[in-house]
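On a predicted model such as this, the values are computed, not experimentally measured, just so you know. Every chain is numbered from 1, with letters handed out A, B, ... down the list of sequences.
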Amino acid sequence: MNLRLAWLRWSGRRPAVRAWALMSPGAAWLLLFFLLPLLFMFGSSLMPARLYGGVDLGFTVEHYKQFFEPVYLWILWRTVLYSLACTALCLLMGFPVAYVITRAGSWKNLLVFLVVLPFWTSFIVRTFAIMFLMRDTGVINTVLLATGLIDEPLALMPSGLAVMVGLVSGFLPFMVLPIYSSLEKLDPSLLEAAEVLGARPVARFTKIILPLSMPGIVAGSLLVFIPALGSYVTADLLGGGKSDMMGNLVQRQFTTAGNWPFGSASSFVMMAMVLCAVFVYLQQRDRAQAMGA
Amino acid sequence: MSVPVVEFRNVNKTFGAHQAARNISFSIDNGEFFSILGPSGCGKTTTLRLLAGFEEPDADGGEVRINGEVVNQRRPYERKLAMVFQNYALFPHLSVAKNVAFGLERQKVPPAEIRERVKAALDMVQLDPTTFGSRAPAALSGGQRQRVALARALVLRPTLLLLDEPLGALDLKLRKEMQFELKSLNRRLGITFVYVTHDQEEALTMSDRIAVMDNARVAQLGTPPEIYEQPRTAFVARFIGESNFLDGATAGLGTGGVTYALRPERLDLAAPETPAPGKTQLPATVKAVVYRGEMLHVRVVLDDGTELVAASRNEGQLRSPVPWKEGARCLAAFSTADLRRLEAEPA
């Protein structure tokens with residue numbers, strides 16, 4: 001009997017088998033190149049460090065303890081602070097943009113296109129572009145010097161400010177798009193109904209627009225906050241070692257410092273934080289779905 | 001004479017090059033059930049939106065008055081009216097009770113009073129507050145959503161309630177039921193209803209007066225019998241009920257070029273050998289007999305080619321069938337008093 005036919009007949013009665021068969025290439029890929037390395041990293045975070053990189057056999061939690069030394073907590077604090085600030089700025093600037101796009105009529109598609117446009121260039125190239133703008137001999141300082149407004153270049157970068165500029169410009173589209181798609185679904189007649197019921201503009205915003213766009217706000221905030229936590233290039237190029245974030249710490253442990261276990265442990269602390277953020281998101285989403293929104 | 005609740009004085013509204021309302025004038029009395037009837041795109045929704053305050057008349061585009069005051073520039077929340085929307089427009093993130101309470105909360109009514117009034121409003125539309133109060137709108141049927149939308153409007157105790165095709169999404173049986181309920185709420189509460197619909201039967205059934213709209217104008221304004229029995233234009237005659245159209249020459253009135261409307265139930269058929277006395281009789285040929293249940297429609301063609309429909313009560317085709325077979329000769333008989341002379345329609 002034809003083998004192919006036999007398989008189809010047998011699996012056709014077992015939907016679960018089919019589902020696994022369809023998933024297996026992707027699942028195998030993730031298993032091999034994501035889960036396995038992750039397990040290695042988790043293992044090595046609990047092993048003693050070998051000098052100049054690598055690990056020795058054994059078990060220790062010293063690297064997790066080490067992470068709670070003030071110098072590293074300070075980096076963690078800065079990472080969280082920068083990421084929160086970046087998320088807040090993206091939200092404050094992104095929401096009005098998304099709102100205007102939903103009401104832009106025939107301009108809508110062009111505006112969405114413009115929001116996505118930066119993705120056509122790599123993140124690193126965009127970060128370098130900001131360097132060209134903000135460094136001592138960059139565009140801003142050159143113009144200000146030429147017009148005589150300043151006598152010597154402003155120390156715009158490397159600095160925390162420059163890192164923040166880099167983060168916000170890199171992640172702003174991730175905030176705009178989900179909020180836009182939430183607002184797009186908002187039926188305009190709801191706002192008219194609210195208006196007839198006596199809601200002035202502020203009440204319409206706080207009672208109707210804001211709650212109904214909350215799924216987009218939360219999704220956008222996570223899409224900004226999580227990559228911001230893990231960002232490395234921005235702080236490296238624009239912070240110049242003075243505004244290190246977690247990504248820079250991890251990178252240095254695996255390269256110059258050669259302390260793999262500590263790098264791994266730092267990564268896992270960060271991952272735990274990301275998982276917390278995702279957990280908050282899922283909870284919020286479930287509540288929204290339970291409400292039938 | 002008291003001040004009309006609503007008054008439109010030569011109201012015009014233009015969107016770009018499109019004129020959505022032309023010289024609209026009417027006034028609505030306190031407690032009246034007033035319908036704005038017309039096909040889609042006739043300007044009825046624009047008229048309602050002008051009244052609600054979502055649209056403003058053109059500059060020098062006439063006056064919209066509520067209780068005698070010009071409200072052209074006023075926002076909807078300053079007009080003290082209530083509205084039920086076509087798709088109900090319930091807030092999906094709020095429970096039924098919160099939806100109904102929305103307007104009261106905006107007015108800063110004390111919470112205890114809000115609870116009382118929400119309960120009373122849900123009772124009024126026959127939704128049990130304890131069962132439905134905490135539900136999300138998504139968990140309701142179309143008819144229940146309609147009732148919540150109505151309760152949300154009535155809870156504010158408005159003197160003027162606007163309804164934009166509120167029953168359009170309901171099935172026939174539920175629609176009839178709601179028609180009856182809306183009408184009785186109108187009578188019981190003394191609220192003025194302004195009701196937009198494209199359903200002529202609905203308008204005839206419920207309204208005290210109807211404004212029939214066509215091409216951004218009010219084509220005719222009157223009570224249901226006036227609209228049905230004395231249509232002013234061919235459009236009104238055709239849109240409300242069915243109508244036959246006869247040229248003055250054909251009808252034997254000697255007024256060629258003038259069109260007359262004749263309702264199908266006002267046209268009788270007689271056998272050629274037994275003409276009906278005192279009526280105009282025109283020889284015709286039967287084209288088809290259409291069985292409609294309670295009515296029987298017989299299509300005939302006059303000798304000059306004019307097609308007419310005669311409607312009669314179905315007396316039981318199994319027991320005593322009508323004698324009209326396709327191709328049979330007959331007389332189309334009507335009294336000239338039932339002819340309605342139509343005005344030419346404005347361009």
Side-chain angles (χ1 to χ4, degrees), chain A residues 91 95 98-99 102-108 178-222 280-293, chain B residues 16 45 48-49 51-55 74-96 98-109 134-140 145 148-158 160-166:
Chain A
L91 182 58
F95 195 98
Y99 185 77
T102 53
R103 315 211 136 201
S106 53
W107 291 87
K108 209 181 270 186
I179 295 180
Y180 165 73
S181 88
S182 276
L183 287 175
E184 179 79 345
K185 278 184 251 157
L186 196 151
D187 178 358
S189 72
L190 295 182
L191 296 176
E192 293 186 342
E195 196 173 356
V196 174
L197 290 167
R200 285 152 192 278
V202 172
R204 291 204 293 279
F205 180 75
T206 57
K207 302 288 173 186
I208 309 291
I209 298 178
L210 204 57
L212 285 177
S213 57
M214 205 41 93
I217 291 174
V218 173
S221 299
L222 277 180
V280 169
Y281 166 68
L282 290 177
Q283 285 237 307
Q284 196 276 342
R285 197 192 57 177
D286 288 349
R287 223 178 313 138
Q289 277 172 350
M291 216 35 233
Chain B
T45 298
L48 195 74
R49 292 175 63 83
L51 177 54
F54 297 128
E55 312 290 351
R74 295 227 191 122
R75 299 298 309 161
Y77 51 80
E78 297 166 326
R79 295 195 180 195
K80 295 209 173 68
L81 45 78
M83 183 161 171
V84 174
F85 289 78
Q86 190 166 12
N87 57 358
Y88 318 133
L90 298 180
F91 306 128
H93 58 299
L94 300 178
S95 68
V96 166
K98 280 283 176 191
N99 262 280
V100 178
F102 191 90
L104 296 173
E105 283 169 1
R106 302 284 81 69
Q107 293 178 1
K108 308 262 184 291
V109 174
S134 56
R135 288 206 193 160
L140 302 181
R145 279 180 216 183
V148 175
L150 200 57
R152 188 175 67 176
L154 292 174
V155 78
L156 297 173
R157 297 174 186 155
L160 176 60
L161 178 63
L162 316 189
L163 302 105
D164 186 8
E165 308 223 12

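- Heavy-atom distances place both the backbone and the side chain of B:Leu81 under 4.5 Å from chain A.
- Side-chain contact between B:Tyr77 and A:Pro201 is present, with heavy atoms from C-beta onward closer than 4.5 Å.
- Contacts between B:Phe91 and chain A at a heavy-atom distance below 4.5 Å involve backbone atoms as well as side-chain atoms.
- Heavy-atom distances place the side chain of B:Arg49, and not its backbone, under 4.5 Å from chain A.
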Practice problem: Could you go through the side chain to side chain contact (heavy atoms under 4.5 Å, CB included) check for A:Leu190 and B:Phe85 one step at a time? | Solution: CA-CA 9 Å; A:Leu190 295 182; B:Phe85 289 78; over 6 Å; no
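- Surrounding NZ of A:Lys108 are more than 12 heavy atoms belonging to other residues, nucleotides or ligands, all under 6.0 Å away.
- For the pair B:Arg106 and A:Lys207, the minimum side-chain heavy-atom distance is below 4.5 Å.
- Contacts of B:Leu90 with chain A are made by backbone atoms alone, with heavy-atom separations under 4.5 Å and no side-chain atom involved.
- Proximity to chain B is limited to the side chain of A:Ala203, based on heavy atoms less than 4.5 angstrom apart.
- Side-chain contact between B:Pro92 and A:Asp187 is absent, with no heavy-atom pair separated by less than 4.5 Å.
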Exercise. Would you check, one step at a time, whether the test side chain to side chain contact (heavy atoms under 4.5 Å, CB included) holds for B:His93 with A:Ile208?
Key: CA-CA 8 Å; B:His93 58 299; A:Ile208 309 291; 4.1 Å; yes
